[in-house]
Amino acid sequence: AALIVWGVISGSFNDFLDYYHLAPRVAPRLIEQKRPNLAQCLISHHRDMAPAPDKVIVDGKYGSAPVLAEDQESVCRESASSDDLSAPDHLSWPIDQPRDRNKIMAYKALFDEWGESYDESQYRVACNQAMTVGLSCLYKQGNLGSLRRLNRPAVLRFLDTDGLEYFATLVGLRGGIAHLLVGGQSEIVSTDELEGQWTGTYTLLWKIPVGYQGAVLPGRSASWLPWLNDHLAVASGRQINADIEGGAKVLEGKLLEKVKTFQHDNGLESDGILGPQTIISLNSAVSGQSLPTLKDPKLLTDAQVSKN
């Protein structure tokens, strides 16, 4: 209580909430959420894009990179231009849907985005089934900035106004508008409304290289490093060839430097660690439109909304 009083008196209540990591729980209840204009968005972008702790154990460390600074203006402009899309603040679990199946329904929707069908009768844990089709789960405690950068559909955990837990699938995100599948129903909501109930945790699916067994640290070996060299070549516009680092099985030398350069250029921490976030970015750079991404909610037709 004393800390909260100090935060109010200091005149920097938002900074106070951020510093003590209270914003996700306290801010939605104590602060009136308003959509910022373009100038306000650009001034305050550091809060939304601040690094969030990475909960992926195989990465061997914590921390995730913010969105590239040069991308921020386009994000803010998207937010400003999204005002013409109706986004009523009515996020809640549908009363006509069984709440005890909310998590299963969310993962079914996530698998659908990848063209797969989640069989809960055979796989109690959805991520175990993902491994059978060349996918893996990334669990994170993050923010909208990390979701924008990873650009993959994700299952989000929410707490409603009564404190009851439910899960929903984020399938679209542009500016200040989000598209969620909640209990099989399509919901277009503002990001303010989303953040008011979202706990910050999410799970997404990502495509793993053949032979992937976990994150690779600098100086370590892995059988799939030739895949890495080929993808780095395509991502940078170079010709694929079996040069000395192309056949390398150890992450060192020129290959390691290429990894760090790619990480830097894509807003990742330039530590040379080959974890999920680096591979997701590589897949995006090489595979492009063939992978599921967060779509623009403004492109939805009335038929698509009613269908869900």
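The figures here come from the full heavy-atom set of this structure, side chains too, leaving out hydrogens, waters and symmetry mates.
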| message | Can a donor-acceptor pair be found, under 3.5 Å and without considering hydrogens, that links the side chain of N143 to the backbone of G145? | response | yes
| Considering all heavy atoms of both residues, which atom of V250 and which atom of L255 are nearest to each other, and what is their separation? | O-CD2, 4.2 Å
| Residue list, salt bridge (charged side-chain N to carboxylate O under 4.0 Å, His left out) with R99, at least two apart or on another chain | D160
Name each donor-acceptor pair under 3.5 Å that joins a side chain in residues 125-133 to protein atoms two or more places apart or in another chain, with its distance.
unit_1	atom_1	unit_2	atom_2	d
Q129	OE1	D119	N	2.9
Q129	NE2	S117	O	2.7
T132	OG1	Q129	O	2.5

| If you measure only the distance, is there a donor-acceptor pair under 3.5 Å linking the side chains of T201 and Q141? | no
| request: Taking the side chain as every heavy atom from C-beta outward, state whether Y107 and L205 have any atom pair closer than 4.5 Å. | output: no
| query | Does one hydrophobic cluster hold both L159 and L170, with members joined at side-chain heavy-atom distances below 4.5 Å? | reply | no
| said: I'd like to check N151 versus L291 (side-chain heavy atoms, cut-off strictly below 4.5 Å). Are they in contact? | reply: no
| field | Q185 and D96: CA distance, side-chain angles, deciding distance, side-chain hydrogen bond (donor to acceptor under 3.5 Å, both in side chains) verdict | value | CA-CA 11 Å; Q185 299 182 15; D96 61 340; 3.3 Å; yes
| message | Quick one: does any side-chain atom of T278 pair with a main-chain N or O of L274 as donor and acceptor, under 3.5 Å? | response | no
| said: Taking the side chain as everything from C-beta on, heavy atoms only, tell me whether R157 gets closer than 4.5 Å to T203. | reply: no
| Should E113 and R152 be marked as a salt bridge (Lys or Arg N to Asp or Glu O under 4.0 Å) after you check the CA-CA gap, both sets of side-chain angles, and the distance that decides it? | CA-CA 9 Å; E113 291 294 303; R152 295 289 186 274; over 6 Å; no
| query | Within the distance-only criterion (no hydrogens, no angle test), does the side chain of D271 pair as donor or acceptor with the backbone N or O of I273 below 3.5 angstrom? | reply | yes
| query | Is the shortest heavy-atom distance from the side chain of L110 to the side chain of F167 under 4.5 Å? | reply | no
| remark: With L156 as partner, the option from L204, T199, V182, L194 fulfilling side chain to side chain contact (heavy atoms under 4.5 Å, CB included) is L194
| remark: Smallest heavy-atom separation, L251 atom then V216 atom, equals CD2-O, 3.8 Å
| task | For the residue pair I188 and I177, establish whether any side-chain heavy-atom pair is separated by less than 4.5 Å. | result | yes
| request: State whether the side chain of S236 and the backbone N or O of L232 hold a donor-acceptor pair below 3.5 Å, judged by distance alone. | output: yes
| said: With a 3.5 Å distance limit and no angle check, can you tell me whether H231 reaches the backbone of W227 through a side-chain donor-acceptor pair? | reply: yes
| request: Quick one: closest heavy-atom pair of G172 and L294, and the distance? | output: N-CD2, 4.0 Å
| Any ion pair linking E120 and R101 (charged N to carboxylate O, less than 4.0 Å)? | yes
| query | Is there a side-chain contact between Q97 and M105 (heavy atoms, below 4.5 Å)? | reply | yes
| Can you name the salt bridge (charged side-chain N to carboxylate O under 4.0 Å, His left out) partners of E257, sequence neighbours left out? | none
| Side-chain donor/acceptor of T169 to backbone N/O of A106, under 3.5 Å | yes
| query | Just wondering, more than 12 heavy atoms not from K108 lying within 6.0 Å of its NZ? | reply | yes
| Any donor-acceptor N/O pair, Q263 side chain to G272 backbone, under 3.5 Å | yes
| message | Give me the atom names and distance for the closest heavy-atom approach of L91 to E193. | response | N-OE2, 3.2 Å
| Counting only N and O atoms by type, is there a donor-acceptor contact under 3.5 Å from the side chain of S287 to the main-chain atoms of S284? | no
| request: Measure up the W224 and Y212 rings against each other and bin them: parallel (under 30°), tilted (30 to 60°), perpendicular (over 60°). | output: tilted
| remark: Shortest non-hydrogen pair, T191 vs G175, comes out as CG2-O, 3.7 Å
| Can you find a pair of side-chain heavy atoms, one from K258 and one from T261, that are under 4.5 Å apart? | no
| Which heavy atom in S186 sits nearest to a heavy atom in H179, and how many Å separate them? | OG-NE2, 2.6 Å
| Below 4.5 Å, heavy atoms only, C-beta onward: do L228 and L282 meet side chain to side chain? | yes
